Every structure is written in C-alpha cells, then in structure tokens.
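Everything below concerns the one structure shown next.
Values in this document were obtained by computation on a predicted structure and should not be read as measured data.
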Amino acid sequence: MLSKRVKYAIKTLLFLNRRDNSSLFSAKKISENERIPLKFLEQILRELKQNKILKSERGAEGGYTFMKSPADIKVLDIIRIVDGPVAMLPCASLNFYEKCADCTDEATCSIRKLLINVRDNMLPILDTSIADMTKSENCPI
C-alpha cells in the first residue's frame, strides 16, 4: 500500500510541476491547495530538499521549487526516498535485499518467486516521471 507520506510527496511534486517552474510556492500554499496537513508537509518537503529533488528560498517571497527536472524525478525514486524498499519482502528486494530468516531454500521459495515477479512487473510502471504523470493526468492522486 502506498503510504500517505509518499502520496503527499507525489501530490506536492505534481502541484509544483503544474505551475510555472520558475515560481516559488510556500509550504502553506501547497498545503492549502493539496489539502495536506502543514506540519506533515513540512517534513516531506525537508526530505525532498535533503535528497536534492527540491530547493527552497527563505523570506516573504520564498518557497519551494524543483532542483531536478520533473522529467528526471521518477515515482520509484520518491517511494524509495520517503518509504525505503519497494519490494514486499526484503528477500525480493533489488536494493535492500536481506536473507529470509525462516526460509530454508530461497531458490525454490514460491512466495519469493511470486513477489519477485510482482516487483519486476511493478518497477517499470513506477519508473514514470513526474513530468509524464502531469502530461497524462486524468485522476490526480
């Protein structure tokens, strides 16, 4: 399941991409427009800034804008930044692999095989950029 943190991070990036990319938007403006609790949003914005997705400027005319091009920001990257592994089990993860403690043979484990298949089919879809999502936006998150 997609966490609220990831959902709000994606909503924030889509909001910013729908606007003039040279403009700055305050956390309050984003919060009001996207109906995201301000304190929660501030934590997400901090995380996106630390990971060089967004940049911010202080002051009365300050706010947030993209540091990276929206075409280079993948949904998959945002999920990993905000929530960590995408795989449903650590033994099926590409980037966060951990050996399964209760499995006697990973090579023949039916659960692991299934979840690797899920992962392999899901990753190309999540490799969609924020720019592409904005272009084909039928139903906002």
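- The shortest non-hydrogen separation linking Ala87 to Ser93 is CB-CA, 3.5 Å.
- With contacts defined as side-chain heavy-atom distances shorter than 4.5 Å, the pair Met133/Leu14 qualifies.
- Here the closest heavy-atom approach between residue Phe96 and residue Gly84 is recorded as CE1-C, 4.0 Å.
- Between Ala27 and Glu42, the closest heavy-atom pair is CB-CG, 4.3 Å.
- A heavy-atom distance below 4.5 Å is found between the side chains of Leu123 and Leu94.
- Taking the side chain as every heavy atom from C-beta outward, Ile73 and Asn17 never approach each other to under 4.5 Å.
- Nearest heavy atom pair, residue Lys55 against residue Phe66, reads CE-O, 3.5 Å.
- Phe40 and Ile81 fall within the same hydrophobic cluster, where Ile, Leu, Val, Met, Phe, Trp and Tyr residues are linked whenever their side-chain heavy atoms come under 4.5 Å apart, directly or through other members.
- Ion pairing between Glu34 and Arg18 holds under the 4.0 Å rule for side-chain N and carboxylate O.
- Residue Leu115 is not grouped with residue Ile79 when hydrophobic side chains (ILVMFWY) are merged at heavy-atom distances under 4.5 angstrom, including chains of intermediate members.
- Residues Val82 and Phe15 fall within the same hydrophobic cluster, defined by Ile, Leu, Val, Met, Phe, Trp and Tyr side chains chained together at heavy-atom separations under 4.5 Å.
- A heavy-atom distance below 4.5 Å is found between the side chains of Ile44 and Arg5.
- Using a 4.5 Å heavy-atom cutoff, the side chains of Ile53 and Asp77 are not in contact.
- Under a 3.5 Å cut-off, the side chain of Asn117 and the backbone N or O of Lys113 do not form any donor-acceptor pair.
- Interatomic distance, Ile78 CD1 to Asn51 CG, rounded to the nearest 0.5 Å: 8.0 Å.
- Within the 4.5 Å cutoff, side-chain heavy atoms of Arg80 are placed close to those of Val86.
- More than 12 heavy atoms of other shown residues, nucleotides or ligands fall within 6.0 angstrom of atom CG in Leu38.
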Next on the checklist: Pair Val75, Val6 - check side-chain contact (heavy atoms from CB on, under 4.5 Å), show working.
Outcome noted: CA-CA 9 Å; Val75 172; Val6 170; 5.8 Å; no

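- Cys91 has its side chain within reach of Glu106: a pair of non-hydrogen atoms, C-beta onward, lies under 4.5 Å apart.
- Here the OG atom belonging to Ser31 is positioned 10.5 Å from the NZ atom belonging to Lys39, to the nearest 0.5 angstrom.
- With rounding to the nearest 0.5 Å, the separation of OH in Tyr64 from CG in Leu45 is 5.0 Å.
- In plain terms, the two heavy atoms of Thr108 and Asp105 that are nearest each other are OG1-OD2, 2.9 Å.
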Next on the checklist: Determine whether Ile130 and Leu16 satisfy the following criterion, side-chain contact (heavy atoms from CB on, under 4.5 Å), listing intermediate values before the conclusion.
Outcome noted: CA-CA 10 Å; Ile130 294 299; Leu16 292 172; over 6 Å; no

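- The shortest side-chain heavy-atom distance between Asp83 and Leu2 does not fall under the 4.5 Å cut-off.
- Of all non-hydrogen atoms in Ala92 and Ile116, the two that sit nearest each other are CB-CG1, 3.8 Å.
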